[in-house]
Amino acid sequence: MATEYERKRLENIRRNDEMLAALNVRAKASILTAATKRPRDDSTKSYKKKEKQSKPETPIVMRKSLRTRGLDPDSVGLPNWFSDYPKRIPTPPQQYSSAPLQKSSARVLAPLPFDKAYDGEGSYKKFVETMLGTTASKSMVKDDCDDSVGDSSSTRRRSSRLSNAVVQKEEPVSSSGFVKKEAFVKKSCRGKLVTKDENGDSPMSSGNDCLKKEVIKPEKIDFEKIEFDREPLSLEPHNVARVVPGRILVVKFMPCQNVKLVAAGDKLGNVGFWNMDCGDEDDDDDDGIYLFRPHTAPVSSLVFQQNSLSKVISSSYDGLIRLMDVEKSVFDLVYSSDDAIFSLSQRPNDEQSLYFSAGYGMLYVWDLRAGKSVLNWDDLHEHRINSIDFSPQNPHVMATSSTDGTACLWDLRSMGATTPKTLKTVNHSRAVHSAYFSPSGLSLATTSVDNYIGILSGANFEDISMISHDNATNRWISTFRGVWGWDDSYIFVGNRPSKGIDVISTKLKRTVKELHDPLMKAIPCRIHCHPLNVGVVAGSTAGGQVYVWTPK
DNA sequence: TTTGGCGTTAAAGCA
DNA sequence: TGCTTTCCACGCCAAA
């Protein structure tokens, strides 16, 4: 229950804020600050804001339900304005265009048009064109799934399937819920139309695709041409950009081979897109970086819709899930809640369902078509769930990681109970920030702040090995998450002291490579390996920069 | 047992 | 170049 003291404290905060708002002190202070600020010397490519973002004038309010606040659902509890506290600050009608100070606090429980969400300086016209496929007719898109927050695991799976030539079919599942390893047949798929399923139907053909897609023929993607093991990766100056202003929590490549586009979500609620092909130095109005602000709190995950790459789902600590629909130029509101959403994922080949975690240990299955929750568990973990991922071998098997110090494997088919049992639980001594399946689905990698990266393998994931790795961060940088490369051989994870990326061999159980470059000025906390282009790796930092390594 | 304060220390912004 | 500010990740520990 909220204490008397807490109520008084909140009441004081509210009164003070109303007084400041009435005096318009903050707006005036902001004007003074803007008038006296120096232009920043920024030699690297960067997003351009409409106006300098002043520091937040209100505290970030973490979304918390009555339940997690310890209040009864029918309790009067905190005043109504508390959950939407920032909205109480008087805002002018043009808040989105000329008053980022006010804008920074408003949680809009409605679809948000691009015009209102856009926070860049130039035009986003080219971005829309690119996303709608007018320049992407050569694009090739993946055939199946995307993944969970801030990682790279399942978006790579297609590429891995191609490179490993692992034939995917309806896998037999053991009684324990795990796929029988021996059921898989390795053979070359060169020349096959890998985007078609067993019935000959292309999973890409459904839906109102915006991009002009082309069936991927394996011979078009010569994975052997680029051998990550042998060819070093390099960081070119033009592959460095500041995409968003705040600390990045999630970075994702658009799963498209011929359009080099990176999306990043930051602590302030921004979602930035960087079209790396758009490098027209003469065009001051469009440098390929497009900054939107669909959320008012940290963006926890970004997922490109599996069969419609012009749609991007975002989740946030502000309790909202939005669907960016480029065709309609709007960030639709999919879900809203008082609980912070810490992770979101989709199962392979099921783009109608969202799996997301909220508050402290809750997990929801949301039907996009029906617009409602079809399943939920209140206490899947004892603390926040940091990642959700699905086995590419068997999409019924889900992996979660949590601040409660565990990573768990679940069988979705036997989770009807209110307190479902795990298939496997991995115990770390501290918070676990990720648990991602390898591209083949045969291994799982967990990353914990206890300074270990766990590798689970074996037919039933019974073989657990812990690789020592310095995963310590602090409050100013995002926690590390080990992500898989393009096959089961390597895991990529940030290195704080060296400001680089460690490449860990799962076979040797140690770091075998380090990606360093003098251009790297900050720690790459969140990493994504391009799902279709082997050797292309993005690292993102607390300063909002994205660094993209490419094969030499 | 719960709660809240504190230490940690990266990186932008500013003078 | 150096100082200030940021401020909800996490663990530790003392106080309630």
Student: Compare the ring of A:Tyr317 with the six-membered ring in the base of C:dC8 and state whether they stack (centres under 5.5 Å, planes under 30°).
Tutor: no
Student: Can you check the A:His383 NE2 to C:dA9 P distance for me, whole Å?
Tutor: 10 Å
Student: For A:His383, enumerate each residue passing the ring pair (Phe, Tyr, Trp, His ring centres under 6.0 Å) test, keeping only those at least two apart in sequence or located in another chain.
Tutor: A:Tyr360
Student: Indicate whether OP1 or OP2 belonging to B:dA12 is found under 4.0 Å from a side-chain N or O atom of A:Gln545.
Tutor: yes
Student: Nearest whole Å is fine: how far is B:dT2 P from A:Tyr360 OH?
Tutor: 15 Å
Student: Would you say A:Asn495 and A:Asp502 are linked by a side-chain donor-acceptor pair, where the criterion is simply a distance under 3.5 Å?
Tutor: yes
Student: Output the rounded distance in Å from CD1 (A:Ile477) to C1' (B:dA11).
Tutor: 10 Å
Student: It should be established whether A:Arg475 places a side-chain nitrogen or oxygen under 4.0 Å from OP1 or OP2 of nucleotide B:dA11.
Tutor: no
Student: If you only use heavy atoms from C-beta on, which nucleotide in B:dA11, B:dG13, B:dT8 is closest to the side chain of A:Arg242?
Tutor: B:dG13
Student: In whole angstrom, what separates A:Asp338's CG from C:dC8's C1'?
Tutor: 17 Å
Student: Please check if any side-chain donor atom of A:Thr447 sits under 3.5 Å from a side-chain acceptor atom of A:Ser434, or the reverse.
Tutor: yes
Student: Working note: A:Ser387 + A:Tyr436, criterion side chain to side chain contact (heavy atoms under 4.5 Å, CB included); need CA distance, chi angles, decisive distance, verdict.
Tutor: CA-CA 8 Å; A:Ser387 73; A:Tyr436 295 138; 4.0 Å; yes
Student: Between the main-chain N or O of A:Gly454 and the side-chain N or O of A:Thr446, is there a donor-acceptor pair closer than 3.5 Å?
Tutor: yes
Student: Tell me which nucleotide among C:dA9, C:dC7, C:dG11 gets nearest to the side chain of A:Thr479.
Tutor: C:dA9
Student: Could you check A:Arg322 against A:Ile313 for side chain to side chain contact (heavy atoms under 4.5 Å, CB included), going step by step and ending with a plain yes or no?
Tutor: CA-CA 6 Å; A:Arg322 288 194 184 275; A:Ile313 301 162; over 6 Å; no
Student: Could you please name the option among B:dA11, C:dG11, B:dT8 that lies closest to any side-chain atom of A:Ala431?
Tutor: C:dG11
Student: OP1 or OP2 of C:dC7 less than 4.0 angstrom from a side-chain nitrogen or oxygen of A:Lys267, does that happen here?
Tutor: yes
Student: Is the phosphate of C:dA9, meaning OP1 or OP2, less than 4.0 Å from a side-chain N or O of A:Arg384?
Tutor: yes
Student: Give the stems involving DNA chain B, where a stem is 3 or more consecutive Watson-Crick or G-U wobble pairs (i with j, i+1 with j-1, and so on) under 3.5 Å.
Tutor: B:1-8 with C:9-16, B:10-15 with C:1-6
Student: Over how many whole Å does the gap from A:Phe342 atom CZ to C:dC8 atom C1' extend?
Tutor: 9 Å
Student: Which class fits the ring pair A:Tyr290 and A:Phe127: parallel under 30°, tilted 30 to 60°, perpendicular over 60°?
Tutor: tilted
Student: Round to a whole Å and report the spacing from NE2 of A:His428 to P of C:dA9.
Tutor: 20 Å
Student: Could you state the atom-to-atom distance from CG of A:Asn495 to P of B:dA10 in whole Å?
Tutor: 12 Å
Student: I need the single residue from A:Tyr364, A:Phe390, A:Trp410 that forms a ring pair (Phe, Tyr, Trp, His ring centres under 6.0 Å) with A:Tyr355. Which is it?
Tutor: A:Phe390
Student: Over how many whole Å does the gap from A:Asp266 atom CG to C:dT6 atom C1' extend?
Tutor: 14 Å
Student: Would you say A:Arg247 reaches B:dA11's phosphate, i.e. side-chain N/O to OP1/OP2 under 4.0 Å?
Tutor: no
Student: Can you figure out which of B:dG13, B:dA10, C:dG11 approaches the side chain of A:Ile523 most closely?
Tutor: B:dA10
